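The chain is numbered in sequence order, starting from 1. Just so it is clear, the structure is predicted and the values come from calculations on it, not from any experiment.
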Amino acid sequence: MPEADAGDLFARYCLPGGRYKKLLSASFMRTSREQVLVFGRAMAADSRNASTGELRQLLGGDWREALTACWLIGFSRRREFQDDLHRIVSDENIRRTGKGIAFALARFCEPSDASVLRCYLECSLGDPLDRGNQPWFLGALLHVEKRLGVMDSQDLIAPEGLWQRWSSAGFLESADPFYWEREVDGWIDLAEMLD
């Protein structure tokens, strides 16, 4: 099957209603319940309609396309992309896609996802100047561990642990690790409601 025109894919999946901007900020969750559901239904429908080739092409595009692809992959739980997302995290090639990757890995919710998230956090939380995807990855890790019934990340969030030292080194909406878990839980609850 030939590749779709990149501009067409961008227009179809990233632009409707300013989608990639809403995904970047996760602002779609801070609207009325009806608006959240409208946004979620559109994402769920596109996640089911997008072909594997289209998602792969988006994932290899610029950050706006890759971000949108990650959310679409998460909404439809397209496990064929799990290794790709693990590789992106391991290679630290996350760019501005962190929320989307965190969402997708939380949706996959397997021990390998927890391992990848934890490895990233162990490395990145040691650098207080690295301010980026750590809150979302921690929220996803806590979500996955809760679902799997394990508590392997307790050392990361213990008093004087890596998270506390990292979160106190710069501005952060909340230093409470469970705040970030609740954020990710909200995304997952929306997707599960629309499964």
Side-chain angles (χ1 to χ4, degrees), residues 1-110 113 116-117 120 132-141 143-144 180 183-195:
M1 175 182 259
E3 281 194 4
D5 177 79
D8 289 346
L9 288 180
F10 183 78
R12 187 174 344 142
Y13 294 116
C14 304
L15 283 182
R19 178 181 281 172
Y20 77 87
K21 294 175 186 175
K22 292 175 182 175
L23 294 172
L24 179 63
S25 65
S27 63
F28 65 92
M29 292 297 291
R30 292 183 288 281
T31 59
S32 72
R33 177 165 173 74
E34 185 53 37
Q35 288 174 311
V36 169
L37 289 173
V38 167
F39 186 87
R41 285 184 194 112
M43 286 296 296
D46 280 349
S47 74
R48 289 187 291 272
N49 293 330
S51 71
T52 298
E54 289 173 331
L55 289 173
R56 193 161 302 287
Q57 195 172 338
L58 285 169
L59 194 58
D62 74 10
W63 70 266
R64 299 167 301 176
E65 294 162 334
L67 172 67
T68 305
C70 289
W71 282 92
L72 292 170
I73 288 165
F75 262 94
S76 56
R77 263 193 255 150
R78 302 284 278 272
R79 293 189 195 278
E80 65 265 32
F81 291 98
Q82 191 171 27
D83 289 342
D84 296 308
L85 296 182
H86 287 179
R87 194 169 22 264
I88 289 168
V89 174
S90 296
D91 293 346
E92 297 186 22
N93 188 26
I94 298 166
R95 302 178 284 169
R96 299 175 83 179
T97 62
K99 287 184 184 98
I101 291 172
F103 169 68
L105 296 183
R107 280 281 279 168
F108 296 152
C109 202
E110 293 183 0
D113 303 308
V116 165
L117 291 163
Y120 174 84
N133 299 296
Q134 292 87 342
W136 311 111
F137 280 38
L138 181 63
L141 176 60
H143 172 87
V144 170
W180 301 103
E183 289 286 303
V184 173
D185 287 348
W187 304 340
I188 301 302
D189 290 346
L190 173 63
E192 288 178 345
M193 186 185 344
L194 300 169
D195 277 345

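- With hydrogens and angles ignored, the 3.5 Å screen pairs no side-chain donor or acceptor of S90 with any backbone N or O of R87.
- Side-chain N or O atoms of Q35 include none that pairs as donor or acceptor with a backbone N or O of R33 at under 3.5 Å.
- Side-chain atoms of N49 and E54, non-hydrogen and from C-beta on, never get closer than 4.5 Å to each other.
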**OP:** Could you go through the ring-ring contact (aromatic ring centres under 6.0 Å, His included) check for W63 and Y20 one step at a time?
**Re:** CA-CA 9 Å; W63 70 266; Y20 77 87; 5.8 Å; yes
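- Closest non-hydrogen pair, Y13 versus A50, comes out as OH-CA, 3.3 Å.
- Side-chain N or O atoms of R79 include one that pairs as donor or acceptor with a backbone N or O of F108 at under 3.5 Å.
- Not a single donor-acceptor pair under 3.5 Å links the side chain of T31 to the backbone N or O of S27.
- Residues L59 and A66 approach most closely at O-CB, 3.6 Å, considering heavy atoms.
- Taken from CG in L105 to CG in D113, the straight-line distance is 5.0 Å, to the nearest 0.5 Å.
- Here the straight-line distance linking atom CE of M193 with atom CZ of R41 works out to 8.5 Å at 0.5 Å rounding.
- Rounded to the nearest 0.5 Å, atoms CG (D189) and CG (L194) are 11.0 Å apart.
- Rounded to the nearest 0.5 angstrom, L72 CG and R78 CZ are separated by 9.0 Å.
- When all heavy atoms of R12 and R19 are compared, the closest pair comes out as O-NH1, 4.5 Å.
- Shown here is E110, whose CD atom has more than 12 heavy atoms of other residues, nucleotides or ligands within 6.0 Å.
- The heavy-atom pair separating L190 from G40 by the smallest distance is CD2-CA, 4.1 Å.
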Original post:
When you look at L23 and F39, which way does the side chain to side chain contact (heavy atoms under 4.5 Å, CB included) test go after all the steps?
Top reply: CA-CA 10 Å; L23 294 172; F39 186 87; 3.8 Å; yes
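- Under the 4.5 Å side-chain criterion, counting only non-hydrogen atoms from C-beta, I88 is in contact with L85.
- Classification of the F28-W71 ring pair by plane angle, with boundaries at 30° and 60°, yields perpendicular.
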**OP:** Give the C-alpha distance, both sets of side-chain angles, the deciding distance and a yes or no for side chain to side chain contact (heavy atoms under 4.5 Å, CB included) between F75 and R48.
**Re:** CA-CA 8 Å; F75 262 94; R48 289 187 291 272; over 6 Å; no
Original post:
When you look at R107 and D195, which way does the salt bridge (Lys or Arg N to Asp or Glu O under 4.0 Å) test go after all the steps?
Top reply: CA-CA 11 Å; R107 280 281 279 168; D195 277 345; 2.8 Å; yes
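- A donor-acceptor pair is defined here as one N or O able to donate and one able to accept, closer than 3.5 Å; such a pair exists between the side chain of E65 and the backbone of D62.
- Separating the NZ atom in K22 from the CG atom in L67 is a distance of 13.5 Å, to the nearest 0.5 Å.
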Original post:
Which is it for L58 and C14 under the side chain to side chain contact (heavy atoms under 4.5 Å, CB included) test, yes or no, and what are the steps along the way?
Top reply: CA-CA 9 Å; L58 285 169; C14 304; 4.2 Å; yes
Validation: residues 93-104 side-chain donor-acceptor distances under 3.5 Å, sequence neighbours left out:
| residue | atom | partner | partner atom | Å |
| --- | --- | --- | --- | --- |
| R95 | NH1 | G61 | O | 3.1 |
| R95 | NH2 | G61 | O | 3.4 |
| T97 | OG1 | I94 | O | 2.4 |
| K99 | NZ | L24 | O | 2.6 |

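- To the nearest 0.5 Å, atoms CG (D5) and CD (Q57) are separated by 8.0 Å.
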